[in-house]
Amino acid sequence: MASQAAALRAVPEGAPHNVAVDIRGVSHAFKLRGADLPVLDSIDLSVAAGEFVALLGPSGCGKSTLLRLISGLDQPTAGSIAADGEVIDSPDPSRILVFQDPTLFPWTTVWRNVATGLDARGVLERQRGRVDDALKLVGLSNFASAHPHQLSGGMAQRAALARALVNDPALLLLDEPLGKLDSLTRLTLQAELVALWREKRFTAILVTHDVEEALLLASRVIVFSERPAHIKAEFKVDLPYPRHRDNPQLVALRRQILGTLGLET
Amino acid sequence: MSNAIEALGVGAAAGSPAAASGARTPIWRAGLAAAAAWAAAAVVTVALPDVVPWGSKELFAVIVGAAAAAFVALSFVAPRLPRFGAFCEHYGPWFVAIGVWFFLWELTTAKFGWLPKPFFSPPNGLLNVYVTEWRRLLICIGYTLRLWALGFGLGAIVGYAAGVALGWSKSFAYWGMPILKLIGPVPATAWIPCTFFFFPTTFDASVFIVALASGIPVTILTASGVGSVNKAYYDVGRNLGAKPWYLISRIAVPASLPHTFVGLFMGLYYSFAVLVVAEMLGAKYGLGWYIQFQTAYSGYANVYATLVIMALICAGIVKLLFVARDRLLSWQEGFI
């Protein structure tokens with residue numbers, strides 16, 4: 001209850017609501033037919049409050065697993081993860097994971113979907129306006145009473161973002177949220193994500209396969225190795241927002257990162 | 001009667017030029033054919049002598065003749081009403097077939113005696129049952145509906161709760177699933193001997209039999225529905241601060257509703273199937289009891305008349321469940 005209260009505390013207008021994340025010696029293994037399948041190998045990573053960090057790496061290397069551990073949905077086999085010094089041992093609405101699939105509840109309206117967090121914590125009746133605000137923020141006010149199957153892929157992912165943002169998260173964990181969208185929708189939503197982050201100043205950790213996406217959004221790009229994943233390289237992206245994909249510095253960084261991934265052209 | 005025939009003649013006369021001159025005054029042609037078939041059935045009923053008298057034949061002829069007259073009128077009116085017209089157009093062949101069926105039925109039973117008494121009855125024989133027995137039949141319908149509603153209602157509620165528990169809780173599933181798999185395939189009626197011992201009245205025993213028949217498919221389908229809910233929905237719920245009860249009531253329950261409805265439909269058919277048997281257990285009224293009673297006295301016309309009522313009630317309840325499903329599961333449109 002205490003952590004929930006903390007998550008829901010009124011944040012003064014304009015003051016950023018974010019946390020620093022400390023990942024210390026985290027290793028993780030899946031049990032597969034009795035045998036251990038190691039996916040993460042002693043990861044050490046610090047993310048500053050309000051920072052936008054992208055995790056980049058080959059498919060199946062364990063980036064998504066790391067995100068689940070940070071959210072508190074799963075516990076690491078070894079090591080610890082802390083948010084502002086407090087060890088993460090359970091999921092909390094102040095740290096929200098957005099999946100590659102929007103995973104909206106198909107049986108109810110977009111409005112009720114976005115309201116899920118407030119409803120689950122029993123504060124919806126007093127804070128109905130927050131749901132409307134979140135829908136407005138992602139441009140879905142006109143679709144409040146629609147059902148998820150009536151939304152396009154991009155709209156559904158916007159609704160999933162609204163469902164996360166309505167809780168005013170201090171940490172937003174994005175697990176390839178744009179991975180399944182067509183390339184045009186993807187570009188639009190990348191710009192929208194940056195705008196949202198710059199406005200709200202939450203801490204953001206993005207898992208992606210797309211080097212360009214990482215460079216457009218993040219202030220730091222962490223490159224992971226093959227499974228079991230360890231941190232292979234780190235790139236600071238010291239460019240002003242909004243960024244352009246043709247920016248020569250960005251293009252140079254892109255070539256460098258692809259090289260690190262063994263995909264030099 | 002003769003009115004209907006005249007009307008038919010006029011209709012047919014007016015129909016052909018209109019049809020010949022194209023779509024100027026559209027006519028529902030199947031309506032005229034239906035009118036002819038129904039009128040023929042009416043004429044046969046009153047005009048030919050009976051091999052064995054059955055009663056209510058004048059009333060039957062009047063009803064069927066009036067229907068024939070109505071078909072003639074509708075042949076001209078229906079095409080002007082968009083929705084009702086489409087309905088008539090769609091079911092036209094059925095109306096014709098029913099008229100032909102009445103005509104042949106009347107001939108083969110009452111008129112020629114090819115299908116003899118008491119095993120077969122002409123349509124006016126069934127009508128005669130409704131005319132003479134309607135009070136008793138109404139009481140029987142009431143008793144049957146009470147037994148069915150209590151049995152199916154209890155079975156659905158208990159079965160649903162058990163299904164959610166089995167699908168959600170590992171320890172419930174550990175103990176419950178083997179038992180369910182064992183007793184599930186046993187026909188509900190096989191429990192009759194022990195129900196007599198466990199229940200104070202035969203009515204309670206009957207309710208139990210109907211509840212068991214309808215409850216087991218609801219339990220199995222709900223359990224599998226809850227068990228197969230996309231785990232990512234629970235992750236979303238837990239991440240947003242939902243407690244277990246919220247995960248059950250707001251995620252597991254609605255997500256498994258399509259499965260539950262399949263179980264409800266199966267339970268519905270099983271409940272109808274055991275209803276007649278359940279009413280054998282020392283009942284004083286009820287459609288099943290009435291069928292047993294009349295069979296014993298070779299009152300087959302009464303049996304057929306009751307079967308028609310049962311068929312209509314069952315079809316009506318199935319229709320109601322479909323309406324409920326379409327409302328509750330409208331979100332499924334376009335989903336999967």
Side-chain angles (χ1 to χ4, degrees), chain A residues 1 3-8 64 67-68 70-74 88 90-110 112-124 145-151 156 159-160 163-167 169 171-173 175, chain B residues 156 160-161 163-164 167-168 170 218 221-265 321-336:
Chain A
M1 278 324 282
S3 60
Q4 273 184 32
L8 295 171
S64 297
L67 227 48
R68 283 182 69 86
I70 301 170
S71 78
L73 283 168
D74 295 329
I88 295 169
S90 63
D92 189 277
S94 68
R95 304 180 292 271
I96 298 199
L97 184 54
V98 177
F99 301 90
Q100 182 175 27
D101 283 313
T103 42
L104 299 171
F105 302 146
W107 52 85
T108 190
T109 60
V110 169
R112 297 282 331 169
N113 264 288
V114 173
T116 302
L118 303 179
D119 189 32
R121 302 194 299 277
V123 296
L124 178 60
S145 56
H147 274 76
H149 70 80
Q150 296 165 308
L151 302 184
R163 178 172 66 182
L165 294 172
V166 73
N167 305 288
L171 173 60
L172 197 60
L173 303 161
D175 189 358
Chain B
Y160 184 64
V164 172
W168 180 262
K170 286 206 168 62
V218 175
L221 268 296
T222 304
S224 85
V226 171
S228 64
V229 173
N230 184 353
K231 299 286 173 285
Y233 291 151
Y234 296 136
D235 284 341
V236 168
R238 284 169 60 212
N239 194 182
L240 295 173
K243 297 278 171 284
W245 179 245
Y246 190 91
L247 297 180
I248 295 175
S249 63
R250 299 302 180 85
I251 296 177
V253 163
S256 62
L257 211 53
H259 282 81
T260 301
F261 264 99
V262 176
L264 281 173
F265 276 105
L321 194 58
F322 265 112
V323 170
R325 188 201 66 166
D326 290 348
R327 285 195 155 215
L328 284 171
L329 297 186
S330 59
W331 56 266
Q332 267 202 313
E333 277 174 50
F335 181 68
I336 298 176

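Naming: A, B, ... by sequence-line order, numbering from 1 per chain.
A side-chain N or O of Thr222(B) and one of Thr260(B) form a donor-acceptor pair less than 3.5 Å apart.
For Ile251(B), the parts sitting under 4.5 Å from any heavy atom of chain A are the backbone and the side chain alike. For Arg95(A), the part lying under 4.5 angstrom from a heavy atom of chain B is the backbone only. If you measure heavy-atom distances from Asp101(A) to chain B, you find no contacts under 4.5 Å at all.
Annotation: side chain of Leu104(A) is in contact with side chain of Leu151(A) (closest heavy-atom distance under 4.5 Å).
Residues Leu124(A) and Ala115(A) share a closest heavy-atom pair of CD1-CB, 3.7 Å.
Comparing Gly117(A), Pro148(A), Ser71(A) by how many heavy-atom pairs each has under 4.5 Å with chain B, the most go to Gly117(A).
Salt bridge status for Asp119(A) with Arg112(A): present, with a side-chain N to carboxylate O gap under 4.0 Å.
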